[in-house]
> 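Before I ask anything, let me first share the structure, which is written out below as structure tokens.
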There are 2 protein chains.
Amino acid sequence: MGENLRTSVWDEGRVGYRTNRVYFVLFKGDLNYSSLRRSEAKALCNIDYRAPMKKPSSARRTKRRNNPDATKQDILNTATEEFANYGLSGARVDRIAKKMRTSKRMIYYYFGSKEALYRTVLEQAYAGIRTSEAETRLDSASPTEALRQLIEVTFDYEEAHPDFINLVSIENLHHARYLAKAASIRSLNIVIIKRLEDILARGRAEGVFRSDIDALDVHMMISALCFFRVANRHTFNVLFSRDLSSPRVRTHHKRMISEAVLRLLAP
Amino acid sequence: MGENLRTSVWDEGRVGYRTNRVYFVLFKGDLNYSSLRRSEAKALCNIDYRAPMKKPSSARRTKRRNNPDATKQDILNTATEEFANYGLSGARVDRIAKKMRTSKRMIYYYFGSKEALYRTVLEQAYAGIRTSEAETRLDSASPTEALRQLIEVTFDYEEAHPDFINLVSIENLHHARYLAKAASIRSLNIVIIKRLEDILARGRAEGVFRSDIDALDVHMMISALCFFRVANRHTFNVLFSRDLSSPRVRTHHKRMISEAVLRLLAP
DNA sequence: TGACATACGGACCAGATTGTACATTGACGG
DNA sequence: CCGTCAATGTACAATCTGGTCCGTATGTCA
């Protein structure tokens, strides 16, 4: 390569960091070309290489406070919003960095890569809904009332967390590849199924629920009805001019969904 | 620009199309830089500009067949798959080009930009499902039977077209921004609502349907239940180990969904 | 107080990706 | 045949973007 290469740099030209000059090189002998790194250029051209290094803009330079936990959570919160809005490929690390109080460097310091950050965001989001469900107590009531309460909790949570809904949609577009790597999530989700099974068993014993529809079916049905309203509200609104997030519609649908599930479960 | 610019080209250098040489330029006076176009370089440097032109690799050079319509449709089909699998930002124009029988150039020739291509793909996909629905005749039967048939048609179509489902999810992540630009789509979708209204009206007249749930509610419910099974099958499978696309589950759910809607509508 | 590990900032690199410049080739009317 | 224009192929160019280099600051423990 060396002998096939010739370089030329302007008079008074310094090839270096933040200089006003830009240099270019020519190759002979093949179709490929490439610009040189500064270090290569330095060696090849024997240029005075002085990195000017900015003066730290003295004025508005607040004292740095080390706070690893806050930094980490700041990154996660900002990233959740970014990934939920733009997807994994659409999300921009630079944009996350700009919105944070810290720098892009820290994303890589704490999470290693964009993909790893996405995975962490996903895990945190799933943990959110499941622990929220787990915290609501509803054992006392009748099976019918317990089920209605469970439905309403799901409805309310999904209404209140469109970011989570988006993340689930996005993850499905990825064939749940990243979710599959988060083993912890699975055990969290078993809980809600166990709970549903419990309610269903009680209802069947009392003769108020049929037995050819199992807990997973019911969970799917509840999820489907609640999820769609949030996930697809934009296309629905564009196509049919009905705003699914308006209070009136929300109240109506909340009752309707409960009723649909309960009616279906009647023997 | 002219006076701030100095150029240099190698001895015996021809700056031109497919030449072995590459030229570089230096700017003075500001931080920006840019390489020159060939044509600019030609003018500025007074270089002998002779485009060498590749010899057409004689051997495997099949005769070109002009076929604009086929080319266009080839692009659209390939792009549909790509966008459905990767989303708008995740899709790669180069990857589409590679899968096609034609070149990337043609995408820009016919569609202008990646985004415009996406918009066309979206319109075509929506047109697909609505015309498919419009083609099924189901006026003869009783309201209950007509509704059941409509549900099953929707169910079957969405099962058979996961690409369409993905595109809808993707479009919702974009807040339906691109769908909103496709005015034609809206009128297509009104048709199915009109049809539902018709069935509901007949059913109410016969006293078999309640009247506090309207066509849009019913459409949402049907869509939600059918859509979720396809859209969220991956996360569902990972979390609960139930394959929603298996024939057994499909049959079960198809019946269950019809029943859920019909039971809800009963007075 | 000073050494060491952890936390941090910002320029900048390298490769990926969209889009374009510029050429040739095919089809078709005259 | 020949001019013209739509259709097509190839090699770039411009830019965007994930990720890293290298240097500095902060805290803490002996």
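Chain identifiers are assigned alphabetically (A, B, ...) following the order of the sequence lines, protein sequences preceding nucleic acid strands; residue numbering begins at 1 within each chain. No experiment lies behind these values; they were computed from the predicted model shown. Note that these values count all heavy atoms, side chains included, but never hydrogens, waters or copies made by symmetry.
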> Please give me every residue in residues 96-112 of chain A whose heavy atoms get under 4.0 Å of an atom in DNA chain C, ordered by residue number.
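Output list: A/Thr102, A/Ser103, A/Arg105, A/Met106, A/Tyr109, A/Tyr110.
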> Check this one for me: any side-chain N or O of B/Ser113 less than 4.0 Å away from OP1 or OP2 of C/dT18?
no
> Grab the CG-C1' distance between B/Leu117 and C/dG19 for me, whole Å please.
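That distance rounds to 14 Å.
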> Quick one: closest heavy-atom pair of B/Leu88 and B/His174, and the distance?
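Closest approach of B/Leu88 to B/His174, heavy atoms only: CB-CE1, 3.4 Å.
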> Return the residues of residues 87-95 of chain B meeting this criterion: a heavy atom under 4.0 Å from some atom of DNA chain C. Order them by number, or give none.
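The answer is B/Ala91, B/Arg92, B/Val93, B/Asp94.
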> For B/Ile107 and B/Ala97, work out which heavy atoms get closest and say how close.
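Closest approach of B/Ile107 to B/Ala97, heavy atoms only: CD1-N, 4.5 Å.
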> If I take atom NZ in residue A/Lys114 and atom C1' in nucleotide C/dA16, what distance separates them, rounded to the nearest angstrom?
12 Å
> Rounded to the nearest angstrom, tell me the gap between atom OH in A/Tyr86 and atom P in D/dC16.
16 Å
> Just by distance, do the side chain of A/Glu82 and the backbone of A/Ala91 share a donor-acceptor pair under 3.5 Å?
no
> Would you kindly give the NZ-to-P distance between A/Lys72 and C/dC8, to the nearest whole Å?
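Value for this atom pair: 11 Å.
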> Keeping to residues at least two apart or across chains, list the ring-ring contact (aromatic ring centres under 6.0 Å, His included) pairs with something in residues 100-122 of chain A.
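Qualifying pairs: A/Phe83-A/Tyr118, A/Tyr118-A/Tyr178.
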> Restricting to non-hydrogen atoms, name the atom on A/Ala231 and the atom on A/Ser169 that form the minimum distance, rounded to 0.1 Å.
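Closest pair (atom of A/Ala231, atom of A/Ser169, distance): CB-OG, 4.3 Å.
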> Quick check against the 3.5 Å criterion: does A/Asn172 have a side-chain atom that pairs as donor or acceptor with the backbone of B/Thr235?
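Yes.
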> Please report, rounded to the nearest Å, how far the C1' atom of C/dT17 is from the OH atom of B/Tyr118.
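From B/Tyr118 OH to C/dT17 C1': 19 Å.
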> Side chains of B/Ser89 and A/Ser89: is there a donor and an acceptor less than 3.5 Å apart?
yes
> Identify which one of B/Ser246, B/Ser241, B/Ser245 satisfies the side-chain hydrogen bond (donor to acceptor under 3.5 Å, both in side chains) criterion when paired with B/Asp243.
B/Ser245
